[in-house]
Each structure stands twice: as structure tokens, then as C-alpha cells.
**Q** 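Input: one structure, supplied below.
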Amino acid sequence: MRYQEAAMSSPTSTFDIDLDDERANSAGADVLGSSAAFEIRQLERDRRLREIERTFQNVVSEAESTEGQIYENVFTDRGDVHNEVTLTDKEYEIEQSRPKSMAGKLKEKAINRVTRNNKTFEAFQFEVQSKTAAGNFDDFVPVSDFSSHKQHTNRPSSPNHARLVYNVAVLARKHSSKIAIAVLIFITMIVTTVTMTAFREDPISTLPEETWENLKVIRAALIDEGIQKFPLMDFDSMQFAAVTQLAEEASMKTLSIRSIKNNEEVVVSTTTIKSAVVPSDFNNAYMERRIILERYILLCLYYTTSSEGKEWKKKTNWLANDINVCSGWHGIKCMTVVGNDISFDIVTEIHLSSNDIYGKIPLELSSMSQLQDLSLSNNFLVGQIPKSLGEIKNLKKVDLSRNQITGDVPSTFCNLKLLVELITDCGVITCACCTECL
């Protein structure tokens, strides 16, 4: 027993075990006898082997504990990758701890410019092939490992902002010449636009102050009468040209706008003359607005259907500043209406057939509410017939044949109670209520 305690208290070393065996073999006979010495050595060997085994088990347990902790931090119980922000931060710390070359410093500078947003990305599913899931990371590339990116070109792009900045920098450097040319072209376009705008003649600046004030008054009155606002605001439009001429006529005192400037109330009633509804019992405010409206419509008709090199064949007195539209404008016929101690002429017929008229029928023509007869045949009109043209309730005769108009005749024409004649072209126009097709 005393020998066993001595053996258990001896230091543990595999070298000592071998040394004791060698000494036993060379010593020959021991004072305790060969059997007792053998027993002591056997006990010492067993003790040391157990201690070695415990040491090994401690190492294995510590490794398993560390492995389990890593597993818990990186994976959920279902095997879903989570906490990607933590992984990214760790990779960033590792990258920062490495010695920096010049390229590394540039990369670090690019990364530092990016705001690191704490976004949690959805986990992706995979099957755990081993406890450490090492088999699932064959194609995994750390976000910060830019050097190995070329080996994984088929891998989905990372949401990390640093990689995006890096890729943008690479593309910019690769296509720097093309980018420089594009920027130069863009700057040139801006400078050209600004220059053209600066040197463009502003119609407002060329008009006398009185004319400009008259233009604003007339434009507001036309908008009140249902004329579209935006063409009147466009300096390049034919409608703006028409309202400008009216303003000039008002400045020359050949066109009265006194009641409009004074905001006088419009008074008017209607009566029926030969089945047509016409104004009656009207005041001066109504008369001035009506004269301005009809004059504006006819100016728009001329400006939108004629141009340089495509002038009307006949345009006698058209655009004349000092001549009323009912006092000699070619193709215009009127009817006199009587109000409260005043009277004036309203346009009832427009005959401009075979007059080399080009373009589309202007929408403004639909505001000629007292129009009864419209003849624009044998011209060069294109496009479709405006639907609103069929809303003129007094229309009795319409001839749009021998033009280049296409499409369908609006059904609004078929609802006109006074319409007795509607002539269009055959084949290119579909009409449900035309009286004649040429």
C-alpha cells in the first residue's frame, strides 16, 4: 500500500515511465523483489495513462464548447444564417487588423465613406451537412475579401455597401473616358439651352406696356368664354399670336374692351329666329365679349391653317385691324341681332371651299355657337373631325368633302336637330348620318 501511494504521488511523464523500465531491467534484482517492483511500475503506468486520457478529454471538451458557442452565434437551430451585420462587422475588424498596402488603404478609405446601415437581411435556407456546417461554406466569400472576388464571379452580389462602392469605383476607372465625354456633352447641352433661352426674344418685352395689359384682359375674357387656357399662355402658339393681335387692335382703339376692363356684368337672353336660337336683350358687355370671341376664333382658323409658302388662295380683308369680320372678310356671312338699344352682327356662315387651306380643323371653331353653315370642302385638311364641332346646336349644313380627313364622323353630329346636310368623303370616313358621300 505504501508503494501504491508513492507511485500515485510521483510526477507524471511518459519519459519517466520509459526511464524506470530501463533502470529495472539493468538493476537486476530489487530489494523488494521482482514481483513488487513490477506491480509498482504497472500502477504508475496506469495512473499516467489515466491522467493523459483526462487531459485529452479536457482538450476535446474545450474544443467542443468553443465550437458550440460559435455555432450558436452564427446559426439558428434550423440552420439559418442570421445576424449578418455581426458577421460583416467581424470581417471588417479582421480586415482592419491586417497590414495595409497602398491598395488596401485606398479600399479602406472607400469603405469608411459608406454609412453602415443596421439592416437585417432575410436568412437563406440550407441543409446542415456537419455540426460546424463547414461543408456549406465552399462557395462563401467574406464580404471584405476583395482579392478572392474574381474566383467567385457567379456568386450573387452582396448587399454590402462597401462592395458596391468598390465596384462603382472599378467601373468608373475602367470607363473614365466615356464618362468624361458624357459629362462634357451634358454640360454642353445645358449651356446651349441656357444661352438660347437668354438670347430668345421674349414677346412680353417686345410689346408695349398698354398692349400687354390689354392682352391679359382679353385672355382672361376668352378663358371665361370656355377657350382653352394653356394655348393662350404659350408664346409660340398660334392662339397666342391671335390674342396678341386682338391686344394690338385694342391699343389702336379699333377694338373695344371697355366693359371687360370695368368688369361689367353680362346680360343676355335668347330667342328663336327661323328655328335657330340667337341672343336677344343683351347689353354692351355681352356684345363686346361676343365680338372678341368670334374675331379670335377666325384669327385662329387662319393662323393654324396657313403658313409661309402655304397661303390661302383668297384672304381678302383677313387680319385687317380696322375691318369688322362681318364687313368684308372673305367667306364670312353674318346676321344682325338686336339687344337693349344696341345691335351687332354675329357670324352664321363660313364658306372657304377650294381655298388651299392646310392642317387640322381648329378646336376653337367649336365655340362659334351661332354658326349655321360650314363649308371647307376641296382643301387639304387632315386629321379627324373634332367631336365638339358637332355640339354647335344651330348647325344646318356641313360640307367637309374632298379633304384628307380620316376616322369617324362624331356621333354628336347625328344628334343635331337642325342638321339637314352633312357631306363627307367616302371610304376614308365612316359616317352614320351623312346625307351625301363623295
Side-chain angles (χ1 to χ4, degrees), residues 218 222 225-227 238-239 241-246 248-250 252 254-256 273-274 276-279 282 286-307 310-339 342-381 385-386 388-389 391-403 418-419 421 423:
I218 295 172
L222 291 174
E225 294 296 325
I227 299 299
M238 297 296 102
Q239 290 80 358
V243 74
T244 300
Q245 178 167 335
L246 293 178
E248 292 173 346
E249 292 175 359
M252 293 186 299
T254 59
L255 180 67
S256 176
I273 300 177
K274 295 182 181 181
V277 179
V278 296
F282 50 83
Y286 173 80
M287 181 183 69
E288 286 188 355
R289 286 175 177 267
R290 192 68 206 178
I291 291 175
I292 290 173
L293 177 62
E294 290 187 348
R295 196 173 185 88
Y296 169 78
I297 293 171
L298 294 178
L299 289 174
C300 286
L301 175 61
Y302 179 82
Y303 283 133
T304 57
T305 58
S306 65
S307 60
K310 294 182 179 180
E311 297 287 343
W312 285 8
K313 183 183 294 184
K314 295 180 180 180
K315 55 178 181 178
T316 305
N317 292 329
W318 278 74
L319 308 185
N321 293 328
D322 56 346
I323 299 178
N324 187 283
V325 297
C326 295
S327 300
W329 281 32
H330 171 73
I332 304 300
K333 292 185 178 182
C334 302
M335 178 181 68
T336 302
V337 293
V338 179
I342 55 174
S343 65
F344 74 103
D345 295 333
I346 57 174
V347 177
T348 57
E349 298 181 19
I350 299 177
H351 296 279
L352 295 172
S353 298
S354 303
N355 204 39
D356 291 348
I357 297 177
Y358 291 82
K360 298 180 179 180
I361 300 175
L363 293 176
E364 288 77 13
L365 198 59
S366 304
S367 297
M368 192 76 75
S369 60
Q370 302 302 319
L371 189 63
Q372 299 178 21
D373 192 343
L374 175 63
S375 179
L376 299 175
S377 62
N378 197 28
N379 283 297
F380 301 94
L381 295 173
I385 302 173
S388 55
L389 193 62
E391 297 175 355
I392 302 177
K393 296 181 180 180
N394 286 341
L395 272 179
K396 297 179 180 180
K397 297 180 180 180
V398 178
D399 188 356
L400 301 175
S401 62
R402 295 185 178 91
N403 280 288
L418 302 180
L419 188 65
E421 184 178 293
I423 305 175

**Q** So does Leu376 get a backbone contact from the side chain of Asn403, meaning a donor-acceptor N/O pair under 3.5 Å?
**A** yes

**Q** What are the two closest non-hydrogen atoms of Ser343 and Thr336, and how far apart are they?
**A** CB-CG2, 4.2 Å

**Q** Could you state the interatomic distance from SG (Cys300) to CD (Gln239), rounded to the nearest 0.5 Å?
**A**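 Answer rounded to 0.5 Å: 5.0 Å.
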
**Q** Report the C-alpha separation of Ile346 and Glu294 in whole Å, then their side-chain angles, then the decisive distance to 0.1 Å, and conclude whether the side chain to side chain contact (heavy atoms under 4.5 Å, CB included) test is met.
**A** CA-CA 8 Å; Ile346 57 174; Glu294 290 187 348; 3.7 Å; yes

**Q** Going by the rule side chain to side chain donor-acceptor pair (under 3.5 Å), which residues pair with Gln370 if we only count those two or more places apart in sequence or in a different chain?
**A**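 Gln370 satisfies side chain to side chain donor-acceptor pair (under 3.5 Å) with Asn394 only.
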
**Q** Not counting sequence neighbours, which residues clear side-chain contact (heavy atoms from CB on, under 4.5 Å) with Lys314? List them please.
**A**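 Partners of Lys314 under the side-chain contact (heavy atoms from CB on, under 4.5 Å) test: His330, Asn355.
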
**Q** Give a yes or no on whether the backbone of Ile357 and the side-chain of Asn379 come within a donor-acceptor separation of less than 3.5 Å.
**A** yes

**Q** Strictly distance-based, threshold 3.5 Å: is any side-chain N or O of Glu349 a donor or acceptor partner for the main-chain N or O of Gln372?
**A**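 Between the backbone of Gln372 and the side chain of Glu349 there is no qualifying donor-acceptor contact (under 3.5 Å).
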
**Q** Heavy atoms, side chains only, cut-off 4.5 Å: are Thr348 and Leu371 in contact?
**A** no

**Q** Could I get the full list of side-chain contact (heavy atoms from CB on, under 4.5 Å) partners for Ser366, not counting sequence neighbours?
**A**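 With sequence neighbours excluded, Ser366 shows a side-chain contact (heavy atoms from CB on, under 4.5 Å) to Ser388, Leu389, given in chain and number order.
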
**Q** Nearest heavy-atom pair of Leu418 and Ala276: which atoms, and what distance?
**A**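 That would be CD1-CA, 4.3 Å.
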
**Q** Please test Asp373 against Val398 for side chain to side chain contact (heavy atoms under 4.5 Å, CB included), starting from the C-alpha separation and ending with a verdict.
**A** CA-CA 6 Å; Asp373 192 343; Val398 178; over 6 Å; no

**Q** For Glu421, what residues pass the salt bridge (Lys or Arg N to Asp or Glu O under 4.0 Å) criterion, not counting sequence neighbours?
**A**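 Listed in chain order: nothing, the list is empty.
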
**Q** Roughly how far, to the nearest 0.5 Å, is the CG atom of Leu381 from the CZ atom of Arg402?
**A**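 Nearest 0.5 Å value for the CZ-CG distance: 14.0 Å.
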
**Q** For Thr244, give me all partners under side chain to side chain donor-acceptor pair (under 3.5 Å), at least two apart in sequence or on another chain.
**A**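 With neighbours one apart ignored, the set is empty.
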
**Q** List the steps and the verdict of side chain to side chain contact (heavy atoms under 4.5 Å, CB included) for Thr304 and Tyr358.
**A** CA-CA 8 Å; Thr304 57; Tyr358 291 82; over 6 Å; no

**Q** Contact between Ser367 and Ile227 at the side-chain level, heavy atoms closer than 4.5 Å - yes or no?
**A**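 With C-beta onward as the side chain, the pair touches.
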
**Q** Output all residues satisfying salt bridge (Lys or Arg N to Asp or Glu O under 4.0 Å) with Lys315, sequence neighbours left out; order by chain, then residue number.
**A**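 Listed in chain order: Glu311.
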
**Q** Identify the two heavy atoms, one from Ile297 and one from Leu365, that lie closest to each other, and give their separation to 0.1 Å.
**A**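 Reported closest heavy-atom pair: CG2-CA, 3.8 Å.
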
**Q** Could you tell me if the side chain of Ile342 sits less than 4.5 Å from the side chain of Met287, heavy atoms only?
**A** yes

**Q** What I'd like to find out is whether the side chain of Ile291 reaches to under 4.5 Å of the side chain of Leu255, using heavy atoms alone.
**A**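 In short, these two side chains touch, coming nearer than 4.5 Å.
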
**Q** Applying side chain to side chain contact (heavy atoms under 4.5 Å, CB included) to Lys397 and Leu374, what does each step give before you reach the verdict?
**A** CA-CA 6 Å; Lys397 297 180 180 180; Leu374 175 63; over 6 Å; no

**Q** Can you check whether Gln245's main-chain N or O pairs, donor with acceptor, with Asn321's side chain at less than 3.5 Å?
**A** no

**Q** Would you check if Leu400 and Ile361 make a side-chain contact, meaning some heavy-atom pair closer than 4.5 Å?
**A**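 Yes. Closest side-chain heavy atoms under 4.5 Å.
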
**Q** With Ser377, which residues qualify under side chain to side chain donor-acceptor pair (under 3.5 Å), at least two apart?
**A** Ser353

**Q** Taking only residues two or more places apart in sequence or in another chain, which ones pass salt bridge (Lys or Arg N to Asp or Glu O under 4.0 Å) with Glu249?
**A**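 Partners of Glu249 under the salt bridge (Lys or Arg N to Asp or Glu O under 4.0 Å) test: Arg295.
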
**Q** Report the distance from atom CG of Leu222 to atom CZ of Arg289, rounding to the nearest 0.5 Å.
**A** 9.0 Å

**Q** Trp312: which residues meet the ring pair (Phe, Tyr, Trp, His ring centres under 6.0 Å) condition with it, sequence neighbours left out?
**A**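 Partners of Trp312 under the ring pair (Phe, Tyr, Trp, His ring centres under 6.0 Å) test: Tyr302, Trp318.
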
**Q** Mind checking ring pair (Phe, Tyr, Trp, His ring centres under 6.0 Å) for Phe344 and listing every partner two or more places apart, or none if nothing turns up?
**A**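 With sequence neighbours excluded, Phe344 shows a ring pair (Phe, Tyr, Trp, His ring centres under 6.0 Å) to Phe282, given in chain and number order.
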
**Q** Distance check, rounded to the nearest 0.5 Å: Thr316 atom OG1 versus Ile332 atom CD1?
**A** 11.5 Å

**Q** Does the side chain of Leu298 reach to within under 4.5 Å of the side chain of Trp329, using non-hydrogen atoms?
**A**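 Side chain of Leu298 against side chain of Trp329, heavy atoms only: contact under 4.5 Å found.
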
**Q** Does the Asp399 side chain pair with the main chain of Ser401, one donor and one acceptor, at a distance under 3.5 Å?
**A**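 Between the backbone of Ser401 and the side chain of Asp399 there is a qualifying donor-acceptor contact (under 3.5 Å).
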
**Q** Could you tell me which residues satisfy side-chain contact (heavy atoms from CB on, under 4.5 Å) with Ser369, sequence neighbours excluded, listed by chain and number?
**A** Arg290

**Q** So how far is it from Cys334 SG to Asp345 CG, rounded to the nearest 0.5 Å?
**A** 5.5 Å

**Q** Mind checking the CG-CG spacing from Asn317 to Asp322? Nearest 0.5 Å is all I need.
**A**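 CG of Asp322 is found 8.5 Å from CG of Asn317.
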
**Q** Please enumerate all residues that pass side-chain contact (heavy atoms from CB on, under 4.5 Å) together with Asn324, with sequence neighbours excluded.
**A** Cys326, Ser327

